[in-house]
Trainee: 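Quick one: the structure is below, and I'll ask about it shortly.
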Amino acid sequence: MRLLPLGQERPSDFADGTWIERPGFPPTDGTWLHPTPGALPEFEFEEGHDKTKNEPPFRLIIGTHEDAHIRVDDARVPRRHCMVFKEGRDWYLEGLSACEAVWLGDTCLERGLPTKLCNGDIFSLLKPPTALAYRFQFDEMDNWYLDMVSDKDYPNKWPSKMPGHPSESPPCPEELKRLAWQTDQMRRRSEEDQVRVADWAAFSQYVKRHYHKYGIFAKPWRGSLGPPVQRPPPPGPRAYPSWVAELLTEERMLPYVEREYPFKESLELSGYCVPPPLSPRAPLPQGPVSKWGDNNTARFKSGGTGVMIGDNTVLAAAQALSSSGNDANPTGSANSGMVTSETVETWAVGEVERAGSENVKLENSVLTPKMPQVSFRDWLQAMEDSQFLLQYHDVIAAHFDSLDQIADLYVRGGELDDRFFDTVSIQKLGHRRVFQKWFRDYCR
């Protein structure tokens, strides 16, 4: 098959050295392009090429796009203007663009409707008369490779690629070959992020209609020996180990979340009840609130509630003053045993420190009992049977000297402070729960 620019009577000589092999994308073996100064380039396709005769027919794209096999340098021509392709033994011309029509002789072709080409036909890229026109040349003898027959009952139009494995399938319809080419184009466009989900959905229905047209249906495979074997039912809920159940009882649903706990049945089989959901958080008290270990009298108030919160050390010192016979209420009111915000504000910092020095040590010893004198490795191994906590050994040994130091810094009332997890870089919630449970049980 050959396309000659209008006005050129003979094809160019291959010996002139200006032919370009495999133009356009995708590149195809057996295609050549010959540039012509001031006119359309000449194009030739070798039918029966060793690398293309067993493949679906070649499809030639003409336009201004950089991937077009024949690229036209004219702004009036669309990017993908028309397509020349082969089906069976004949060649066809099809317009692709809605902006500009293709003309076969003096007839304007309808977009998307293939028209058969005959030897010597002239088709124009613009409305004739125009210099952007081609003369189509084709010889019936070029179909020699399609006349190859086999002695088999079902010869294939396309000879097999592997001589040792000859094909015995009937000839494939041309529409399905074109469908395979379109599928490959969609895949290439999807790799370039040019295909939307709606495009794939429409294309899948397009493929489905072609398959049904030729009797190809997708049916579930049930095996050659009968129906499939029934699978056993999924296992039901089972009881958790005690340490897992205790951790789950501490988990509570957020307020206003109305859904069932995912582990409710297994927790009930373990003998535990599902805890109620959390209540909405109450508003914080007004004014500054004391913290652990802060002995600043200016901060010893709880927002008007009259009850000291958050600082057990100062509270113990205040109780020691009351029990030792000192008047904790200078105003002489009857509530001499109650510690209020007014009484605390009247104390001097030095008096609190002197009166509570011994009680502070006693209170700390009650809150943080003496830890076992074992190494960090033995401590982590005894905490959990799975030995997953040993991954934190090096970090803990680098930051702390003993378990007593950890307890003094991060344990208050048997509860492990979250700052310990930030120091050791413990991110997993399950590992945090194991550490908290160990300190809570030991201090209890």
Side-chain angles (χ1 to χ4, degrees), residues 1 24-28 31 45 51-71 77-104 107-117 123 125 146 154-158 160-161 167-224 226-228 231:
M1 188 272 294
F25 185 86
T28 306
T31 58
F45 172 68
K51 294 185 178 180
T52 59
K53 65 180 181 181
N54 294 333
E55 300 293 337
F58 171 66
R59 314 183 83 82
L60 169 66
I61 303 296
I62 303 176
T64 58
H65 194 271
E66 59 182 6
D67 291 343
H69 299 93
I70 298 180
R71 186 175 180 182
V77 179
R79 291 167 59 85
R80 285 184 170 87
H81 188 30
C82 62
M83 175 173 58
V84 180
F85 60 95
K86 186 175 184 179
E87 285 191 2
R89 306 177 70 91
D90 302 317
W91 286 88
Y92 293 85
L93 174 65
E94 179 181 347
L96 302 178
S97 176
C99 302
E100 189 68 35
V102 182
W103 297 75
L104 181 58
T107 305
C108 181
L109 301 183
E110 182 180 352
R111 179 172 63 95
L113 183 62
T115 303
K116 181 179 178 180
L117 291 174
F123 66 90
L125 305 183
L146 299 180
Y154 299 98
N156 192 357
K157 179 180 293 186
W158 310 105
S160 60
K161 294 183 180 180
S167 176
E168 298 294 340
S169 60
C172 179
E174 297 295 336
E175 290 189 19
L176 294 185
K177 295 177 184 178
R178 183 178 182 181
L179 185 65
W181 178 83
Q182 292 172 340
T183 305
D184 184 70
Q185 294 299 313
M186 289 288 291
R187 177 193 57 78
R188 185 175 66 87
R189 289 176 54 196
S190 65
E191 293 176 353
E192 300 174 358
D193 295 334
Q194 298 178 3
V195 181
R196 301 173 301 176
V197 177
D199 298 335
W200 273 118
F203 184 73
S204 64
Q205 297 299 320
Y206 173 77
V207 174
K208 182 179 179 181
R209 289 194 299 270
H210 280 74
Y211 281 174
H212 289 181
K213 179 180 178 181
Y214 291 96
I216 303 175
F217 297 93
K219 297 182 180 179
W221 182 79
R222 294 186 175 276
S224 59
R231 295 184 178 181

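As the structure is a prediction and not an experimental result, all values here were calculated from the model.
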Trainee: Quick one: does Ser204's side chain get under 4.5 Å of Tyr206's, heavy atoms only?
Mentor: no
Trainee: So, for Cys82 and Leu125, which heavy atoms are closest and what is the spacing to 0.1 Å?
Mentor: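 Taking every non-hydrogen atom into account, SG-CD2, 4.0 Å.
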Trainee: Would you say Asp199's side chain and Arg196's backbone share a donor-acceptor pair under 3.5 angstrom?
Mentor: yes
Trainee: What distance separates Asp90 CG from Lys116 NZ, expressed to the nearest 0.5 Å?
Mentor: 4.0 Å
Trainee: Testing the basics here: between Arg80 and Leu96, what is the closest heavy-atom pair and its distance to 0.1 Å?
Mentor: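 What the structure gives for the nearest pair is O-CB, 3.5 Å.
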Trainee: For Asp184 and Arg187, work out which heavy atoms get closest and say how close.
Mentor: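 Result for this residue pair: OD1-NH2, 2.7 Å.
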Trainee: Would you please test Asp67 and Ile61 for side chain to side chain contact (heavy atoms under 4.5 Å, CB included) and show each step?
Mentor: CA-CA 8 Å; Asp67 291 343; Ile61 303 296; over 6 Å; no
Trainee: Taking the side chain as every heavy atom from C-beta outward, state whether Glu100 and Val77 have any atom pair closer than 4.5 Å.
Mentor: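 They are not in contact (no side-chain heavy atoms under 4.5 Å apart), so the answer is no.
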Trainee: Can you measure from CZ (Arg79) to CD (Glu66) and round to the nearest 0.5 angstrom?
Mentor: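 Separation between the atoms: 7.5 Å.
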Trainee: With side chains defined as the heavy atoms from C-beta onward, is the minimum distance between Pro57 and Trp181 less than 4.5 Å?
Mentor: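 No; the side chains remain at least 4.5 Å from each other.
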Trainee: Quick one, Phe203 and Thr183 - any side-chain contact, counting heavy atoms below 4.5 Å?
Mentor: yes
Trainee: Compare all side-chain heavy atoms of Glu175 with those of Lys213 and state whether any distance is below 4.5 angstrom.
Mentor: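 SC-SC contact between Glu175 and Lys213 confirmed.
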Trainee: Return the minimal non-hydrogen interatomic distance between His69 and Arg59, and the atom names on each side.
Mentor: CE1-O, 3.4 Å
Trainee: Using 0.5 Å steps for rounding, measure from the CD1 atom of Ile70 to the CD1 atom of Ile62.
Mentor: 4.5 Å
Trainee: Using a strict threshold of under 4.0 Å (side-chain N to carboxylate O), is an ion pair present between Arg178 and Glu174?
Mentor: no
Trainee: For residues Leu176 and Tyr214, determine if any side-chain heavy atom of one lies less than 4.5 Å from a side-chain heavy atom of the other.
Mentor: yes
Trainee: About how many Å separate CH2 of Trp91 and CZ of Phe85, when rounded to the nearest 0.5 Å?
Mentor: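 One finds 10.0 Å between CZ of Phe85 and CH2 of Trp91.
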Trainee: Would you indicate whether the side-chain heavy atoms of Leu60 and Phe45 approach each other to under 4.5 Å?
Mentor: no
Trainee: For the atom pair CZ (Phe123) and CG (Leu109), what is the distance rounded to the nearest 0.5 Å?
Mentor: 10.0 Å
Trainee: So, do Met186 and Trp200 sit near enough that their side-chain heavy atoms are less than 4.5 Å apart?
Mentor: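 In short, these two side chains touch, coming nearer than 4.5 Å.
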